[in-house]
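Okay, structure first, notes after.
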Amino acid sequence: MKKLLSMTVASLALAVVADSTYSPITVKVDTFVPASANVIIPVPFSTIGSTEGSVSVHDLVKAANLPDDTMLYYFNGASTNYLAWIKLGSAWTISGISATSINNVPMSPGSETVNVSVGSALWLVFPAGTDLSKQKVVFYGGTPATTTSTVNLSQINLLSNPTKSTVTGATLESKLEFAQKGDRIRLITADFSGEYVKYVNDDESYWMQNTGTGYVKVQLPSIASYQGFWYIPNSRSGTQEINW
């Protein structure tokens with residue numbers, strides 16, 4: 001009887017396992033070798049185990065393999081300042097951050113509660129003298145339900161193309177149908193150049209590029225996979241989405 005009872009209990013346990021729905025957690029990981037000491041980190045992932053479109057700054061970028069004194073910045077468009085973290089030991093921390101500005105923009109220490117949305121971007125800065133050829137930037141997270149960038153029309157936005165594909169200029173223009181006169185896009189390139197302004201009149205609308213000596217009518221440039229850029233709206237209320 002005791003043996004029979006044991007077999008019955010085991011059978012019930014197996015039945016429970018067989019009937020249970022098991023959903024494994026998928027972790028997305030991506031890496032790249034930095035080409036310069038200033039690197040834009042895209043936000044293509046959500047929190048691990050969630051499809052919600054945001055992730056903690058601490059959880060997105062792996063700190064352990066980066067050199068000490070590497071800095072990580074998030075631009076807070078609502079307050080027009082940077083939040084900062086520094087890599088010390090094996091983790092991101094705010095200990096020892098004393099600077100109050102960077103590039104003449106106010107800066108303050110971040111926190112573990114700062115979340116960044118899919119389609120936004122972070123700024124990583126390696127310390128002077130780093131041998132970039134020996135560095136590898138690793139970022140990881142969960143699979144978001146959608147890959148969109150949310151544009152807050154009342155503030156400056158640091159965004160990225162969160163997909164693995166380049167978006168052509170023509171396609172980008174179609175994704176920015178919400179753009180109004182005076183909205184600007186500023187590409188993040190090696191020399192932080194390349195600004196485009198939306199022009200609208202009664203008969204037509206198009207983008208113009210600031211050449212340094214004037215503005216010329218152009219098509220928007222392609223946005224490469226994971227490329228970062230600023231979207232600077234002619235301030236108004238509300239939000240729009242770039243559906244990548």
Side-chain angles (χ1 to χ4, degrees), residues 36 38-44 53-54 73-83 101-108 114-123 144-244:
S36 71
N38 293 273
V39 180
I40 292 297
I41 305 295
V43 185
S54 65
Y73 300 97
Y74 165 65
F75 183 74
N76 185 344
S79 55
T80 322
N81 77 319
Y82 284 103
L83 298 177
S101 68
I102 182 170
N103 290 353
N104 298 317
V105 177
M107 183 188 79
S108 59
V114 177
N115 284 351
V116 288
S117 60
V118 171
S120 59
L122 302 173
W123 179 24
T146 59
T147 50
T148 62
S149 293
T150 299
V151 181
N152 190 314
L153 299 173
S154 65
Q155 64 189 44
I156 300 171
N157 303 264
L158 179 55
L159 306 173
S160 69
N161 170 2
T163 73
K164 286 286 194 178
S165 302
T166 294
V167 174
T168 66
T171 300
L172 181 61
E173 289 187 6
S174 69
K175 294 177 182 296
L176 297 176
E177 288 183 338
F178 61 82
Q180 293 186 10
K181 184 176 182 178
D183 284 9
R184 289 179 288 158
I185 290 176
R186 186 174 298 160
L187 299 185
I188 297 174
T189 57
D191 57 358
F192 287 84
S193 65
E195 181 175 86
Y196 300 80
V197 181
K198 182 72 173 183
Y199 177 80
V200 180
N201 63 21
D202 294 336
D203 301 320
E204 58 183 341
S205 67
Y206 49 83
W207 289 89
M208 303 183 71
Q209 183 180 13
N210 183 354
T211 63
T213 58
Y215 287 87
V216 295
K217 181 180 177 181
V218 295
Q219 185 174 79
L220 286 178
S222 297
I223 300 293
S225 171
Y226 291 174
Q227 183 175 359
F229 61 97
W230 295 97
Y231 195 97
I232 309 167
N234 187 3
S235 187
R236 53 196 184 272
S237 60
T239 61
Q240 291 283 352
E241 289 187 341
I242 302 174
N243 296 305
W244 296 102

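These numbers were taken from a predicted model, which means no experiment stands behind them.
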Which pairs with one or both residues in residues 172-183 pass side-chain hydrogen bond (donor to acceptor under 3.5 Å, both in side chains), sequence neighbours excluded?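 Matches after skipping sequence neighbours: Asp183-Tyr231, Asp183-Arg236.
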I need the [X] [atom1] to [Y] [atom2] distance, nearest 0.5 Å.
X      : Y      : atom1 : atom2 : result
Ile185 : Leu220 : CD1   : CG    : 5.0 Å
Asn157 : Ile232 : CG    : CD1   : 9.0 Å
Ser149 : Asn161 : OG    : CG    : 7.5 Å
Phe178 : Glu241 : CZ    : CD    : 9.5 Å
Ile242 : Thr147 : CD1   : OG1   : 11.5 Å
Glu195 : Trp207 : CD    : CH2   : 10.0 Å

Do the side chain of [X] and the main chain of [Y] share a donor and acceptor less than 3.5 angstrom apart?
X      : Y      : answer
Ser222 : Ala224 : no
Ser160 : Tyr226 : no
Gln155 : Ala78  : yes
Asn103 : Val105 : no
Thr163 : Trp244 : no

Contacts of Thr171 meeting side chain to side chain donor-acceptor pair (under 3.5 Å) (sequence neighbours excluded), chain-then-number -> Thr168
Thr211: side chain to side chain donor-acceptor pair (under 3.5 Å) partners, not counting sequence neighbours: Thr213
Measuring only between side-chain heavy atoms, which start at C-beta, is [X] closer than 4.5 Å to [Y]?
X      : Y      : answer
Tyr196 : Met208 : no
Pro106 : Thr80  : no
Ser154 : Ser237 : no
Thr239 : Leu153 : no
Tyr215 : Val197 : yes
Pro44  : Val118 : no
Gln227 : Ile188 : no

Go through the steps to decide whether Ser108 and Asn81 satisfy the test side chain to side chain contact (heavy atoms under 4.5 Å, CB included), and finish with yes or no. CA-CA 8 Å; Ser108 59; Asn81 77 319; 3.4 Å; yes
Please work out which of the three classes, parallel, tilted or perpendicular, describes the rings of Trp230 and Phe75, given edges at 30° and 60°. perpendicular
Grab the two heavy atoms, one from Pro162 and one from Val43, that are nearest each other, plus how far apart they are. CB-O, 3.9 Å
Indicate the atoms forming the closest heavy-atom contact of Ser120 with Val116, along with that distance. OG-CB, 3.8 Å
Pair Trp123 and Tyr82, ring centroids less than 6.0 Å apart: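 So the answer is yes for these two rings.
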Run Arg186 and Phe229 through side chain to side chain contact (heavy atoms under 4.5 Å, CB included) and show every step you take. CA-CA 6 Å; Arg186 186 174 298 160; Phe229 61 97; over 6 Å; no
Tell me yes or no: between the side chains of Asn38 and Ser36, is some donor less than 3.5 Å from an acceptor? no
